[in-house]
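Please read the structure below before turning to the comments.
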Amino acid sequence: MGFSYGSQGFILILVAVSLLALGEAKTVVVGGSQGWRYGFNYTDWTLKNGPFYIKDTLVFKYDPPSNTGAHDVYLLPNLWSYITCDFRRAKLVANATQGGGEGFKFVLNQWRPHYFACGQGANSSHCNQGLMKFFAVPWPRWHF
Ligand SMILES: *[C@@H]1O[C@H](CO)[C@@H](O)[C@H](O)[C@H]1NC(C)=O
Ligand SMILES: *[C@@H]1O[C@H](CO)[C@@H](O)[C@H](O)[C@H]1NC(C)=O
Ligand SMILES: *[C@@H]1O[C@H](CO)[C@@H](O)[C@H](O)[C@H]1NC(C)=O
């Protein structure tokens, strides 16, 4: 009984949240006018700019490599690697040059947590000290 009530409650929540998401998919520049850069608090940014929905697009904008450094975008495989900034099983989604111009576009088309982080710096310092990480769990939409 408890299980069935729980499932119904969950579905109701999904319906309620998805009704809010009937509008067009949105395109959001990660970090706003600051873009993807060292020292900006992306966890805080995510709290203020979420939630995100399936089919929304995140845009990563960053300068090409220079003597002041470079950035890139990885997806980390799970929560623990995200917490510890462990890139051993990470997947590169945008290299150091792909953030130029209009930026690198990532479409959130899967209903699962996405753990984004910058893989640059000795000892993953951009992720560890530079706050260049955040996660997004896009909500489903009924309507595409
Ligand atoms: C970043 O923002 C989060 C959420 O507002 C906050 O909990 C955290 O302490 C901030 N981190 C730093 C290093 O300021
Ligand atoms: C980054 O990826 C682009 C597109 O795949 C490629 O043309 C470019 O050579 C790559 N740059 C580096 C620094 O790996
Ligand atoms: C990386 O971290 C390890 C362990 O904390 C430390 O021994 C090493 O000196 C660090 N390397 C750099 C380049 O900061």
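Because only heavy atoms are used, hydrogens play no part in the values below, and waters and symmetry mates are left out as well, while side chains stay in. Both ligands and their constituent atoms are indexed starting at 1 by order of listing.
- The nearest protein atom to atom 4 (C) of ligand 2, hydrogens excluded, is given as Gln98 NE2, 3.9 Å; this is a heavy-atom distance.
- Checking Phe134, Phe116, Tyr115 one by one against Tyr82, the ring pair (Phe, Tyr, Trp, His ring centres under 6.0 Å) holds for a single residue, Tyr115.
- Side-chain atoms of Asn128 and Ser125 form no donor-acceptor pair, as typed in the model, at a separation below 3.5 Å.
- Nearest non-hydrogen protein atom to atom 13 (C) of ligand 1 is Leu131 CD2, 3.8 Å.
- Taking atom 5 (O) of ligand 1 as the reference point, the nearest protein heavy-atom neighbour is Asp44 OD1, 2.7 Å.
- At under 3.5 Å, a nitrogen or oxygen of Asn41, whether backbone or side chain, sits near a nitrogen or oxygen of ligand 1.
- Atom 7 (O) of ligand 2 is never approached by the protein to below 4.0 angstrom, counting heavy atoms only.
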Pairs of donor and acceptor atoms involving the side chains of residues 40-52, under 3.5 Å and at least two apart or interchain, shall be tabulated with distances.
| unit_1 | atom_1 | unit_2 | atom_2 | d |
| --- | --- | --- | --- | --- |
| Asn41 | OD1 | Thr43 | N | 3.2 |
| Asn41 | OD1 | Asp44 | N | 3.1 |
| Tyr42 | OH | Gly35 | O | 2.5 |
| Tyr42 | OH | Arg37 | N | 2.6 |
| Tyr42 | OH | Arg37 | O | 3.3 |
| Asp44 | OD2 | Lys48 | NZ | 2.8 |
| Thr46 | OG1 | Tyr42 | O | 2.6 |
| Asn49 | ND2 | Trp45 | O | 2.7 |

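- In this structure, CG in Leu79 is found 7.0 Å from CZ in Phe135, a value given to the nearest 0.5 Å.
- Given atom 10 (C) of ligand 2, the protein heavy atom at minimum distance is Asn95 ND2, 2.4 Å.
- A distance below 2.5 Å between sulfur gamma atoms is met by Cys127 and Cys85.
- Numbered from 1 in the order shown, with element, the atoms of ligand 2 that lie under 4.0 Å from a heavy atom of Thr97 read 1 (C), 10 (C), 11 (N).
- In this structure, Phe106 has its ring center closer than 6.0 angstrom to the ring center of His114.
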